[in-house]
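Here's the structure, in structure tokens; my notes come after.
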Amino acid sequence: MSTNPQRTLALAAEYYGLLSDLASRGESVSIGDLRSLLQKHHPDGERAPEKVAELLEQFGLFEKAADSDTSWEVPHVIGEFLRHLSMRQRLSAPGLLGPIIEEVALQTEVLRQAFETVDIDRVRLASNSIKQALEAARGLSRGNSKAIMNEVMRIKTREDLRSLQERYLFITYLHEKHLTPLGALVEVGGEMEQRANELIAVAKLGRNSMPDDPFVPELTSKIIAGVRRLKDEAWSDFHASLREVTPLFRQIRRDHRMAVAISRQLDRVGREGTKGLDKVVDLLPIARWRPDNVFSTYALEEYLSGVANYVANPDPGPLATLSDSVAPPVLDPDEVIESLLAAGEQRDLLAWIIGTFGAYPDQQLLQAFHKLSGSPGFQCAFGDQPEQTETETAIYTYFPMKTSANA
Amino acid sequence: MLDHLEKLEDIFRELSRGRHLSAADGDLFAALEKHPDDYQAVFKKLGFELVCDARGFYFFFGARATANNVNRLALFLYILIDWLADNGEGITAALAGKSFNVDQLPHLASERYLGYLQHVGIATPAELAETIRTMENFGFLALGGDGSFRLLPPAHRIVDACVAAGLDTEKTAEEESQC
């Protein structure tokens, strides 16, 4: 492999589309596949596919596939670099940040011992290791955050081409395996904050214990700045990811639950036919009221039975004489109004009318009730609990009307 | 006493014939939104339970007399959602008004779905179209002029029934296994 970084970068720029395409697919290519890709990305290119493969391999942009000498793939490190350039980072394996933070803790102890023994060489060595670990942690945090954003965008735009079930499994994995453990690390009081505080304390201790050393103040300042930067960025990366993932996770989880319930329901219909839908129908009563619903089946039967016994021209019988008839008493509406005004506010208008004018026929009592309830002279309002009142001919169940005279 | 309740008669007529009123119903829904408690109280006196669903729709709980063929409507929606899930589409988004072309529905295009539908007597495009029209009458969807339709918020009620029925079945199975 040639070690000419400038030429490597120039070649990567020339074949960027092809390399990026291959890196995102993560597959190996044969000469035939490479020919197709060159036609797509370099239709006017003059190099033969064999020559292109040789050149890319020479500069480390291709490597032979593990399982074949006649196919190539983009090395992992090049793929990561290309994804970084195109802001299309991939998710790293969950839990990678933990070991890096452990390494920081280990090197913090080494640094503390170096300060205690005033060993500047060990101080510089430990400082370098710590800086590298901090940078690695920062890069991982930022890369993962961008990768999560990419995944969220792919889901939102349906570019992920997953079924709802697959999407649910993926977002659950993202939530439980990446974000939850990351939150435990970076949140206030978490592992990262503890380690960062320890490191800052050791750096301050070193600055005080070796104040005259020409390198220590700068080294410790850089460590403290690096730790604070990591803490801030990791916290903000985590919360940015959480903001993107949480609502999507909740929505997909809700959708998934619905889909599972419906899938089971359809399965039941497949096995049991319409009987499988009985519970759903019970839980989904849709009103379908028509005026004829006011007749209960029983009342309707009685009515129809009456119709069956109808006689067109019944025997009129003997004519009644005037002396036989008793004229029904007539309830004077004005008398009812005057009585109500005298009686004052009533909690149950109908009960009061029946109680006061019970000698009159029900029809007249109800007419009086109707007249009073619509009268502008009174304020009326229905109560909430049904009441029952009895007359000689009927039992009435109704919502009582509270009545008071208008001032 | 009832003067401030606008369109009372129209609202009662629609609700009592099973329609679910949502924002797609314009004035009727707007009137209900102004005084939901008052409408509820008035209808209660008449013996009707007006349900106000927080997802933006109203309906009469059908305790007295209920519509037939509810199983057709339910099965139509369940198949649609099952198909959406298999194709990675969001169900929430679909229930929030995604547009569907009637000609591209999966109901009659798959043996599995046809098998379910034969139990409720749907086997032809005409029968499917009749089910869609019934759903429109009940306010579960809105038909467009171009052979498309979109689901309306009341469709949530049909999904709720499925989820609740599933939970019910699980509970019964659990109780039976404990006995």
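Only this structure's heavy atoms are used, side chains among them; waters, hydrogens and symmetry mates stay out.
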Chain B contact via A:L277 - side chain, backbone, both or neither, heavy atoms under 4.5 Å
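The side chain, not the backbone.
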Quick one: what part of A:R162 sits under 4.5 Å from any heavy atom of chain B, side chain, backbone, both or neither?
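Only the backbone of A:R162 comes within 4.5 Å of chain B.
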Pairs touching residues 105-124 of chain B that satisfy ring pair (Phe, Tyr, Trp, His ring centres under 6.0 Å), sequence neighbours left out
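Passing the test, one end in residues 105-124 of chain B: B:F76-B:H107.
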So for [X], is it side chain, backbone, both, or neither that comes closer than 4.5 Å to the heavy atoms of chain A?
X      : result
B:V163 : both
B:A74  : side chain
B:Q118 : neither
B:L77  : neither

Tell me, out of A:Q379, A:Q165, A:R158, A:R257, who's got the most heavy-atom pairs with chain B below 4.5 Å.
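Result: the option with the highest number of such pairs is A:R158.
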Sort out for me which of A:L266, A:V269, A:V280, A:D160 touches chain B most, counting heavy-atom pairs under 4.5 Å.
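Heavy-atom pairs under 4.5 Å are most numerous for A:L266.
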Counting neighbours of CD on A:Q363 that are heavy atoms of other residues, nucleotides or ligands and sit closer than 6.0 Å, is the number greater than 12?
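For A:Q363, atom CD is not crowded (no more than 12 foreign heavy atoms under 6.0 Å).
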Does atom CZ (A:R250) have a neighbourhood of more than 12 heavy atoms from anything else shown, all under 6.0 Å?
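No.
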Is a donor from one side chain sitting under 3.5 angstrom from an acceptor on the other, for A:D255 and B:T92?
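Side-chain D/A pair, A:D255 to B:T92: present.
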What's the verdict on side chain to side chain contact (heavy atoms under 4.5 Å, CB included) for B:R157 and A:L284, showing C-alpha distance, side-chain angles and the deciding distance?
CA-CA 8 Å; B:R157 205 186 150 205; A:L284 190 61; 3.8 Å; yes
B:F60 and A:I286: side chain to side chain contact (heavy atoms under 4.5 Å, CB included), yes or no, with the steps?
CA-CA 7 Å; B:F60 272 167; A:I286 295 177; over 6 Å; no
Just verifying a value: how many Å separate A:K279 NZ and B:C162 SG, rounded to the nearest 0.5 Å?
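Here the rounded value is 12.0 Å.
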About how many Å separate CG of B:L80 and CD1 of A:I262, when rounded to the nearest 0.5 Å?
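These two atoms lie 9.0 Å from each other.
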Which one, B:G166, B:A41, B:G90, leads in non-hydrogen pairs under 4.5 Å with chain A?
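Winner by heavy-atom pair count: B:G90.
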Grab the two heavy atoms, one from A:L283 and one from B:A165, that are nearest each other, plus how far apart they are.
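Nearest heavy atoms, A:L283 then B:A165: CD1-N, 3.5 Å.
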Has the side chain of A:R288 got a donor or acceptor atom that lies under 3.5 Å from a matching backbone atom of B:R17?
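Yes.
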Take B:D86 and A:S163, measure what side chain to side chain contact (heavy atoms under 4.5 Å, CB included) needs, and give me the verdict at the end.
CA-CA 5 Å; B:D86 282 350; A:S163 71; 5.7 Å; no
Decide side chain to side chain contact (heavy atoms under 4.5 Å, CB included) for A:M258 and B:L95; before the verdict, give the C-alpha distance in whole Å, the side-chain angles of both, and the deciding distance to 0.1 Å.
CA-CA 12 Å; A:M258 285 193 251; B:L95 291 169; 4.2 Å; yes
